[in-house]
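This structure is a prediction, so every number in the text was calculated from the model and none was measured.
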Amino acid sequence: MPFYEYRCSHCGHTLTKLQSINAPALTTCPECHQDTLVKLISASSCELKGVGVFGSSKHPFASEKPSPATPAAPASSACASCPHATQAS
């Protein structure tokens, strides 16, 4: 169930209420008892998850280009002194 925020246009009192989507909107302010509550529009707390939702995902149809292969590291000095290292060149 989502949270809904309300503000009274008469006294300015704000409140948050956990309500069903199908529940009718609140109208009576619990502070001043006037029928002046207005439902506010606020940011959603919805989080999208899954493959392909964002550009950084690993979706097979993503527009990312594969990174080039990294070149082999040069032989270390221990391998350079090995007699087999000169034969491979």
Side-chain angles (χ1 to χ4, degrees):
M1 283 196 300
F3 285 97
Y4 291 100
E5 293 179 299
Y6 293 91
R7 179 179 300 139
C8 178
S9 58
H10 181 258
C11 70
H13 176 73
T14 58
L15 67 123
T16 302
K17 180 76 172 170
L18 179 66
Q19 290 182 288
S20 168
I21 293 174
N22 299 326
L26 300 178
T27 56
T28 304
C29 176
E31 291 294 313
C32 68
H33 306 290
Q34 300 291 319
D35 289 331
T36 53
L37 275 185
V38 177
K39 189 185 287 188
L40 301 176
I41 298 173
S42 57
S44 172
S45 63
C46 177
E47 181 177 341
L48 301 175
K49 294 184 178 182
V51 175
V53 176
F54 301 103
S56 62
S57 68
K58 301 301 179 199
H59 191 273
F61 300 109
S63 61
E64 295 178 13
K65 294 179 181 177
S67 60
T70 56
S76 67
S77 60
C79 289
S81 64
C82 177
H84 301 289
T86 56
Q87 292 176 357
S89 298

How many angstroms lie between atom CG of L37 and atom SG of C11, to the nearest 0.5 angstrom? 8.0 Å
CG/L18: more than 12 non-hydrogen atoms of other groups inside 6.0 Å: yes
So which residues get pulled into V38's cluster when ILVMFWY side chains under 4.5 Å apart are joined, directly or through others? none
Could you list the donor-acceptor pairs under 3.5 angstrom formed by side chains in residues 3-10, with sequence neighbours left out?
{"unit_1": "E5", "atom_1": "OE1", "unit_2": "S42", "atom_2": "OG", "d": "3.1"}
{"unit_1": "Y6", "atom_1": "OH", "unit_2": "Q19", "atom_2": "OE1", "d": "2.7"}
{"unit_1": "Y6", "atom_1": "OH", "unit_2": "L26", "atom_2": "N", "d": "3.2"}
{"unit_1": "S9", "atom_1": "OG", "unit_2": "T36", "atom_2": "O", "d": "3.1"}

Any side-chain heavy-atom pair of H13 and C32 under 4.5 Å: no
Taking side chain to side chain donor-acceptor pair (under 3.5 Å) as the test, write out the residues that go with D35, two or more places apart. T28
